[in-house]
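One structure below.
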Amino acid sequence: MNKVSHEGLLDWAGPILQGALTTLEIAVLAYAIGLLLGLLGASARLSPWAPLRGLATAYSTAVRAVPELLLIILLYYAGSQALTALTNALGLPGQVAINGFVTAVGVLAFVQGAYMTEVLRGAILAIPRGQLEAADAFGFSAWTRFHRIVVPAMLPNALPGMSNLWLILIKDTALISVIGFSELFFTIQQAAASTRAHFLFYAAAGVIYLAMTLSSTALFTRLERRVRRGQPLGEEA
């Protein structure tokens, strides 16, 4: 590493660290909202009401078929134009711009929700039917049945898929760079362009993303071991 590259790395260390923190903030918020959407979507997909099942199926199918990058661009540019047209029609002058952070969280959460719907639906279907029938026989309320029976029985089957979705989400945050929002990848692009030390900074980005994914994998592995306590498959693993 030459002196110019070394000085450039030190100069950009602060912004890169801030970009990494912003990336984690986006990922955590999007994942939490996506998990909530996934629970609602899975419940709707398993609903006895056909219109609700159809709506949830259309959501998960359509969103998973459209690239996240296209959704980001549509929400950021077309969404801003649509909101501006709406406010102008209501007699409110001015132009409405959607915040880059809101765009990032909103689009990634919307996409996560579609994938999470299928992960959770499969995990719920894997619950032995007898456990749910026993809960109904004991007169459990819907909420008690959900948090005392469904969630504990669902988690061991859902966690591997949920872990994969989290890892994919961390990498998908890099797509937000197309709208010029200062997350990790956009900051790395700026640093590489200003110092011309492209290999150094993109390699640094790879190391940071790797550290995020490895630490996340370790966390999910411990969590999976915890929820699988007492299960023969978990003990063998």
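- Leu214 belongs to a hydrophobic cluster whose remaining members, ordered by chain and number, are Leu210; membership requires side-chain heavy atoms of ILVMFWY residues under 4.5 Å apart, directly or through intermediates.
- Closest heavy-atom contact between Gly41 and Ala56: O-CB, 3.7 Å.
- Counting heavy-atom neighbours within 6.0 Å of Arg53 CZ, excluding the residue itself, gives a total above 12.
- Counting heavy atoms from C-beta on, the side chains of Trp12 and Thr195 come closer than 4.5 Å.
- Both Ile149 and Met154 belong to a single network of hydrophobic side chains, linked directly or stepwise wherever heavy atoms of I, L, V, M, F, W or Y lie under 4.5 Å apart.
- Not counting sequence neighbours, the partners of Leu125 by the side chain to side chain contact (heavy atoms under 4.5 Å, CB included) test are Leu46, Arg121.
- Residues that satisfy the salt bridge (charged side-chain N to carboxylate O under 4.0 Å, His left out) test with Glu68, not counting sequence neighbours, are absent from this structure.
- Listed here is the closest heavy atom pair of Val107 and Ile72: CG1-CG1, 3.5 Å.
- For the atom pair CG (Leu169) and CE (Met116), the distance works out to 8.5 Å, reported to the nearest 0.5 Å.
- Taking all atoms of both residues into account, the shortest heavy-atom contact from Ala44 to Leu52 is CB-CG, 3.7 Å.
- A distance of 4.5 Å separates OG1 in Thr23 from CD in Glu183, rounded to the nearest 0.5 Å.
- Residues Met162 and Leu36 fall into different hydrophobic clusters, defined by Ile, Leu, Val, Met, Phe, Trp and Tyr side chains chained together at heavy-atom separations under 4.5 Å.
- When side chains are defined from C-beta on, Ile33 does not count as touching Gln112, because their heavy atoms never get closer than 4.5 Å.
- Residues Ala42 and Leu120 share a closest heavy-atom pair of CB-CB, 3.9 Å.
- Side-chain atoms of Phe186 and Ile176, non-hydrogen and from C-beta on, never get closer than 4.5 Å to each other.
- Contact of the Ile124 side chain with the Asn157 side chain is not registered, since no non-hydrogen atoms from C-beta on lie closer than 4.5 Å.
- Among pairs with a residue in residues 19-47, those fulfilling salt bridge (charged side-chain N to carboxylate O under 4.0 Å, His left out) read Arg45-Glu118, at least two apart in sequence or across chains.
- Contacts classified as ring-ring contact (aromatic ring centres under 6.0 Å, His included) and involving residues 27-55 (residues at least two apart or in different chains) are given here: Tyr31-Trp166.
- The salt bridge (charged side-chain N to carboxylate O under 4.0 Å, His left out) test applied to Arg222 returns no partner, not counting sequence neighbours.
- Counting only residues at least two apart or in different chains, ring-ring contact (aromatic ring centres under 6.0 Å, His included) contacts with residues 78-100 are absent.
- The line from CG of Leu175 to CG of Leu70 is 11.5 Å long, rounded to the nearest 0.5 Å.
- With values rounded to the nearest 0.5 angstrom, Phe185 atom CZ is found 8.5 Å from Ile188 atom CD1.
- Each salt bridge (charged side-chain N to carboxylate O under 4.0 Å, His left out) pair with one or both residues in residues 90-117, not counting sequence neighbours, would appear here, but there are none.
- Applying the side chain to side chain contact (heavy atoms under 4.5 Å, CB included) criterion to Tyr115, with sequence neighbours excluded, gives Arg64, Val111, Leu165.
- Not a single ring pair (Phe, Tyr, Trp, His ring centres under 6.0 Å) links Tyr209 to another residue, sequence neighbours left out.
- Side-chain atoms of Gln18 and Thr187, non-hydrogen and from C-beta on, never get closer than 4.5 Å to each other.
- With contacts defined as side-chain heavy-atom distances shorter than 4.5 Å, the pair Thr103/Phe181 does not qualify.
- Rounded to the nearest 0.5 angstrom, Leu21 CG and Ile26 CD1 are separated by 11.5 Å.
- The nearest pair of heavy atoms linking Thr61 to Thr57 is OG1-O, 2.8 Å.
- Ile179 is connected to Val66 through a chain of hydrophobic side-chain contacts under 4.5 Å among Ile, Leu, Val, Met, Phe, Trp and Tyr, so both are in one cluster.
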Evaluation steps, side chain to side chain contact (heavy atoms under 4.5 Å, CB included), between Ile16 and Leu184: CA-CA 6 Å; Ile16 289 173; Leu184 175 59; 3.9 Å; yes
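- Side-chain N or O atoms of Ser163 include none that pairs as donor or acceptor with a backbone N or O of Leu159 at under 3.5 Å.
- Under the ring pair (Phe, Tyr, Trp, His ring centres under 6.0 Å) criterion, Tyr59 pairs with Phe110, sequence neighbours left out.
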CA sep, side-chain torsions, deciding dist, call: Phe201, Gln189, side chain to side chain contact (heavy atoms under 4.5 Å, CB included): CA-CA 8 Å; Phe201 283 100; Gln189 287 179 311; over 6 Å; no
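- Counting all heavy atoms, side chain and backbone alike, Ser194 lies closest to Ala191 at OG-O, 3.1 Å.
- A 4.5 Å side-chain heavy-atom check between Ser216 and Ile170 finds at least one atom pair inside the cut-off.
- Both Phe101 and Val178 are members of a single hydrophobic cluster when ILVMFWY side chains are connected at heavy-atom separations under 4.5 Å.
- Here salt bridge (charged side-chain N to carboxylate O under 4.0 Å, His left out) pairs that include residues 157-167, with residues two or more places apart or in two chains, number zero.
- Using a 4.5 Å heavy-atom threshold, the side chains of Leu155 and Glu224 count as separate.
- Judged by distance alone, with hydrogens and angles left aside, the side-chain atoms of Ser47 form no donor-acceptor pair with the main-chain N or O of Ser43 at under 3.5 Å.
- Leu108 and Leu39 fall within the same hydrophobic cluster, where Ile, Leu, Val, Met, Phe, Trp and Tyr residues are linked whenever their side-chain heavy atoms come under 4.5 Å apart, directly or through other members.
- Rounding to the nearest 0.5 Å places CG of Leu69 at 9.5 Å from CG of Leu74.
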